[in-house]
Asks: 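Could you have a look at this structure, given as structure tokens, before my questions?
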Amino acid sequence: MSKMKVLVRQLNGCNRCAWHLLALESFDSISLIGHSLLGNNDNNERVDAVILTGFATRKDREMLEGFRDRADLIALFGTCPYTGGIFGLANQRGASVLPVEDLIKVDMNIAGCPPGVGTLIETLTKGTSTLMSPLCSTCNREFQKQYLKEIIHTPSWDDSTTCFNNQGLPCSGVVSAECAQRCIDFNTPCRGCVPNVNDSGPGALGYFTSLAGQMDVDTKATEWTTDMLGDKPDEITKGIPDVVGTFFRYTLAHDFKRAGRLPTTGGLCSDIMTGRLIQEAPQIAATIYGSRGISVALTLIEAYENAIGVEPSEKTREIRSELRKIQATWTKLERKPDSKRFAEIVKALKTFAGNEVLSNVYFSGFKVPLKDVEYTFDAYSIREIDWKAASGYAEDENCKVSITVDDRGIIREWSCELR
Amino acid sequence: MIIAFACENCAQGSANTAGVLRMKYDHRIKIVRVPCAGRVGPRQIIEALNNGADSVAIIGCCFGACHYNDGNLITLRRVKAMKRMFEELGFDPDMVNMYTARAAEGDTIVGDFEDMSAKTDAMLSKEVSNE
């Protein structure tokens with residue numbers, strides 16, 4: 001059987017998916033013609049498949065049309081090219097992040113943040129996208145049909161059996177498919193990186209607000225003797241302070257086609273971080289900062305801990321320093337990308353942080369017990385955190401982070417300087 | 001264009017009564033008949049806006065009078081969250097509104113219609129002055 005000629009191109013955004021695709025080198029059925037991380041050795045020859053990672057903008061149209069002309073098959077790897085991904089949140093502040101499908105015809109997509117290379121190979125061999133099972137069908141938590149009493153922003157840490165939505169914490173599992181990261185295993189609600197339905201953001205919002213159908217909502221009487229919805233803050237607006245970041249985290253560019261009108265803060269990543277809930281910030285930072293995500297997420301956590309005066313335990317610090325060692329190895333690897341050594345990094349990350357978007361890493365400690373760590377869980381578990389308005393600063397060898405959080409838990413100012 | 005999702009019980013009934021009484025309303029309002037206000041959620045609202053609507057309104061039965069028990073009350077919460085979402089995106093929260101009407105009184109829905117066109121006008125003129 002002849003080898004499939006494959007070209008891998010990273011568009012914009014973080015390059016984590018491109019790192020995963022380095023592994024294509026080791027498959028016998030694939031001949032890797034070019035890869036963004038391995039330098040440009042592409043001589044415009046005809047290829048069997050172009051695999052795109054990262055989000056698109058209007059500027060990429062010409063390049064993408066070129067790929068369409070010279071490839072039999074265009075495959076999207078990761079949620080960014082599929083729906084705009086997490087970078088679509090920058091559209092809130094007027095950016096023009098687009099799904100690739102808005103610019104050219106696409107043959108298959110493998111969503112995930114990041115997805116598994118195995119799924120890509122399976123899809124390429126089969127020729128069509130595989131139907132994934134819904135996330136809820138693989139979740140151990142139990143759903144009871146009842147209305148919510150309150151909306152919360154952190155799960156109850158010792159409850160691993162009640163559905164997040166039942167607890168009052170929005171979870172997009174109902175509109176999502178099973179993924180490679182499985183945040184739900186780390187006491188972290190799903191934010192829908194693998195949409196299972198066409199308009200997953202509005203679907204998840206509709207689902208959760210229906211569950212909130214008995215919470216206090218402001219109404220007012222009209223002059224023409226009827227009632228209507230009021231404008232005053234109520235339990236709904238207080239309970240969900242960041243609707244866009246919660247329900248549309250990976251799909252804003254796909255679901256809502258108008259560019260947002262908030263003023264930009266000056267950078268793509270700071271546009272995404274500003275306006276998010278502090279409770280959700282570590283995972284968002286770990287995602288958008290790509291190969292520096294570990295460092296930024298840890299520094300952000302330390303900045304807020306400094307600001308509110310929380311001291312993490314000694315064991316927590318030790319595990320965090322292990323994570324920083326992983327970051328250092330990755331940073332060194334950037335000079336000479338190598339798939340085998342990257343696989344070791346991913347394995348180490350899964351040991352110390354749960355998954356690649358650091359779902360287990362949190363303020364003051366870790367959410368669930370780590371495998372292969374000899375200390376008892378009490379030594380590094382989460383402590384009581386008093387979420388309050390604060391400004392903090394922290395730095396490490398990779399970045400300087402300063403953060404301002406308001407009394408509703410929303411990040412108002414964010415700056416992250418990468419070194 | 002303003003899309004008004006009208007429930008087929010009270011809101012559509014009220015619109016019929018208003019029609020019999022030859023009452024007038026803004027020609028920009030397009031009524032979409034739905035079985036219940038509870039049938040409308042973020043999906044339908046966003047689809048209308050993505051396809052060029054200036055604003056969206058949902059009209060249901062009066063509180064406590066929903067023919068499907070509490071469909072109108074559930075949609076109230078959905079619309080409230082959507083108002084918050086539009087604010088977060090830098091749009092006017094009046095891009096989506098929720099009203100009620102009574103089938104026997106045509107002037108209730110005409111009052112709703114007048115309010116939604118006044119709100120949409122205010123929203124559009126603010127947008128023009130910002131540009």
Side-chain angles (χ1 to χ4, degrees), chain A residues 91-94 147-148 151 170 197-219 222-248 252 255-263 275 410, chain B residues 10-11 14 38 40-47 49-52 57-64 70-102 105 107-116 127 130:
Chain A
N91 284 4
Q92 209 177 355
R93 293 172 187 275
Y147 283 123
L148 300 181
I151 300 175
V197 292
N198 192 26
D199 40 5
S200 68
L205 175 59
Y207 173 77
F208 187 75
T209 41
S210 304
L211 283 179
Q214 286 191 345
M215 306 209 46
D216 270 355
V217 65
D218 180 49
T219 55
T222 58
E223 285 162 23
W224 53 99
T225 70
T226 54
D227 294 305
M228 69 176 284
L229 183 64
D231 299 318
K232 293 198 190 100
D234 51 30
E235 278 187 14
I236 300 288
T237 55
K238 280 180 200 154
I240 325 175
D242 178 23
V243 177
V244 174
T246 308
F247 298 100
F248 293 79
L252 186 64
D255 290 339
F256 192 62
K257 291 297 181 194
R258 299 189 189 186
R261 292 177 178 163
L262 293 184
I410 296 283
Chain B
C10 295
S14 180
V40 187
R43 279 188 170 144
Q44 290 73 29
I45 297 169
I46 288 186
E47 191 180 343
L49 294 170
N50 279 345
N51 286 300
I58 295 129
I59 313 167
C61 299
C62 288
F63 303 151
D70 54 358
N72 57 352
L73 300 177
I74 288 175
T75 295
L76 264 184
R77 275 78 181 183
R78 294 185 189 148
V79 174
K80 186 72 185 195
M82 296 230 53
K83 275 175 170 283
R84 171 85 204 136
M85 174 191 161
F86 293 133
E87 250 180 310
E88 284 170 14
L89 286 159
F91 293 93
D92 196 316
D94 278 337
M95 219 149 96
V96 57
N97 277 300
M98 168 121 187
Y99 301 90
T100 55
R102 279 190 294 274
E105 298 167 42
D107 49 351
T108 55
I109 201 163
V110 172
D112 295 343
F113 283 157
E114 279 168 8
D115 189 66
M116 63 180 87
E127 278 171 22
N130 282 348

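Lettering follows sequence order; numbering is per chain, from 1. What you are looking at is a predicted structure, and each value in this text was computed from that prediction instead of being measured.
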Asks: What closest approach, in Å, do Gly90(B) and Leu262(A) show between heavy atoms, and which atom pair accounts for it?
Replies: CA-CD2, 3.6 Å

Asks: Calculate, to the nearest 0.5 Å, the distance between atoms CE and CE belonging to Met228(A) and Met98(B) respectively.
Replies: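 Reported to 0.5 Å precision, the distance equals 10.0 Å.
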
Asks: Given the options Lys257(A), Arg93(A), Glu235(A), Arg258(A), which has more heavy-atom pairs under 4.5 Å with chain B than any of the others?
Replies: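 Among Lys257(A), Arg93(A), Glu235(A), Arg258(A), the one with the most close pairs to chain B is Arg258(A).
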
Asks: Looking at Lys80(B) and Thr237(A), what are the two nearest heavy atoms and their distance?
Replies: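 Lys80(B) and Thr237(A) have their closest heavy atoms at CE-CG2, 3.6 Å.
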
Asks: Which answer fits Ala204(A), side chain, backbone, both or neither, if we ask what part of it has an atom under 4.5 Å from a heavy atom of chain B?
Replies: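 It is neither, since no heavy atom gets under 4.5 Å.
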
Asks: Based on non-hydrogen pairs under 4.5 Å, which of Ile74(B), Val110(B), Asn97(B) is most in contact with chain A?
Replies: Ile74(B)

Asks: Where on Leu252(A) is there a heavy atom nearer than 4.5 Å to chain B: the side chain, the backbone, both, or neither?
Replies: side chain

Asks: Can you confirm whether Thr100(B) sits close enough to Thr222(A) that some side-chain heavy atom of one is under 4.5 Å from a side-chain heavy atom of the other?
Replies: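 No. Closest side-chain heavy atoms not under 4.5 Å.
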
Asks: Between Asn50(B) and Asp255(A), is there a donor-acceptor pair closer than 3.5 Å when you use the side chain of the first and the backbone of the second?
Replies: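 Indeed, once roles are kept as given, a pair shorter than 3.5 Å links the two residues.
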
Asks: Given a strict heavy-atom distance threshold of 4.5 Å, which part of Leu49(B) is in contact with chain A: side chain, backbone, both, or neither?
Replies: both

Asks: Between Arg43(B) (side chain) and Gly201(A) (backbone), is there a donor-acceptor pair under 3.5 Å?
Replies: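 No.
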
Asks: Please check if the number of heavy atoms outside Glu87(B) that lie under 6.0 Å from its CD is greater than 12.
Replies: yes

Asks: Spell out, as yes or no, whether a donor-acceptor pair under 3.5 Å connects the side chain of Thr226(A) to the backbone of Thr108(B).
Replies: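 Not confirmed, Thr226(A) side chain does not pair with Thr108(B) backbone.
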
Asks: Look only at the side chain of Glu88(B) and the backbone of Val244(A), and say whether a donor-acceptor pair between them is shorter than 3.5 Å.
Replies: yes

Asks: To the nearest 0.5 Å, tell me how far Leu73(B) CG sits from Gln214(A) CD.
Replies: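 The CG atom of Leu73(B) sits 9.0 Å away from the CD atom of Gln214(A).
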
Asks: From Gln44(B) CD over to Asp199(A) CG, what is the distance, rounded to the nearest 0.5 angstrom?
Replies: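 One finds 8.5 Å between CD of Gln44(B) and CG of Asp199(A).
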
Asks: CG/Leu229(A) to OG1/Thr75(B) distance, rounded to the nearest 0.5 angstrom?
Replies: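 With rounding to 0.5 Å, CG (Leu229(A)) is 10.5 Å from OG1 (Thr75(B)).
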
Asks: Determine yes or no for a side-chain-to-main-chain donor-acceptor pair under 3.5 angstrom, with Arg77(B) supplying the side chain and Met215(A) the backbone.
Replies: yes

Asks: Select one option (side chain, backbone, both, neither) describing which atoms of Tyr147(A) are under 4.5 Å from chain B's heavy atoms.
Replies: side chain

Asks: Side chain, backbone, both or neither: which part of Leu76(B) has an atom under 4.5 Å from a heavy atom of chain A?
Replies: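 Answer is both: backbone and side chain atoms of Leu76(B) are under 4.5 Å from chain A.
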
Asks: If I measure from the heavy atoms of chain B, does Phe208(A) come under 4.5 Å with its side chain, its backbone, both, or neither?
Replies: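 Nothing of Phe208(A), per the 4.5 Å heavy-atom cut-off to chain B.
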
Asks: Considering only heavy atoms and a distance below 4.5 Å, find which of Gly41(B), Ala81(B), Pro93(B) pairs most often with chain A.
Replies: Ala81(B)

Asks: Could you have a look at Arg102(B), Arg84(B), Glu105(B) and say which one has the most heavy-atom pairs with chain A under 4.5 angstrom?
Replies: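 Highest number of pairs under 4.5 Å: Arg84(B).
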
Asks: At a heavy-atom distance under 4.5 Å, which candidate from Gly260(A), Gly94(A), Gly206(A) has the highest pair count against chain B?
Replies: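 Of the options given, most contacts go to Gly206(A).
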
Asks: Can you label the angle between the Phe256(A) ring and the Phe86(B) ring as parallel, tilted or perpendicular, going by 30° and 60°?
Replies: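 Plane angle between 30° and 60°, so tilted.
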
Asks: Side chain to side chain contact (heavy atoms under 4.5 Å, CB included) with Arg78(B): which of Leu205(A), Val217(A), Ile236(A), Thr209(A)?
Replies: Thr209(A)

Asks: Between CD of Glu223(A) and CD of Glu114(B), what distance do you get to the nearest 0.5 Å?
Replies: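 Those atoms lie 10.5 Å apart.
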
Asks: Which distance, rounded to the nearest 0.5 Å, do you find between the CH2 of Trp224(A) and the CG of Asp112(B)?
Replies: 6.0 Å

